[in-house]
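A short write-up of the structure that comes next.
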Amino acid sequence: MKTFTAIVERDSDTNLYVGYVPGFPGAHSQGETLDELQENLREVIEMLLEDREVVFETEFVGTQQIVVP
C-alpha cells in the first residue's frame, strides 16, 4: 500500500474540487465533493502505476503561509 499527498483547491468558476499530486505527472483530477475527488484521484493513480514505473520530478515538502502587510 502506498500513500500519496494531494494538493486540493476549489475552483470558484465551476465549484469543483481540483486535486493533483505534486511531482507525479498526470496525477490530477476533479470532483463535485471531496469524497468524489479522492476516489477519482485514487483511480488515476492506480491507472498511472499500472502503466509505468513512477519517477517523481519533485518532492512535496509542505505548505507555508505568507503574510503581506
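Remember, predicted model here, so these are calculated numbers, not experimental data.
- Tyr20 and Tyr17 are members of different hydrophobic clusters when ILVMFWY side chains are connected at heavy-atom separations under 4.5 Å.
- The nearest pair of heavy atoms linking Pro22 to Ile7 is CG-CG1, 3.6 Å.
- Across all non-hydrogen atoms, the minimal contact from Gly19 to Leu37 is N-CD1, 3.7 Å.
- Taking hydrophobic clusters as Ile, Leu, Val, Met, Phe, Trp and Tyr residues chained together by side-chain heavy-atom distances below 4.5 Å, Leu41 does not share a cluster with Phe4.
- A pairwise comparison of heavy atoms in Asn40 and Gln30 identifies ND2-O, 2.7 Å as the closest pair.
- Other residues, nucleotides and ligands contribute only 12 or fewer heavy atoms inside 6.0 Å of the CD atom of Glu32.
- Smallest separation of non-hydrogen atoms from Ser29 and Val44: CB-CG2, 4.4 Å.
- Both Val21 and Leu49 are part of a single hydrophobic cluster, where members link through side-chain heavy atoms under 4.5 Å apart.
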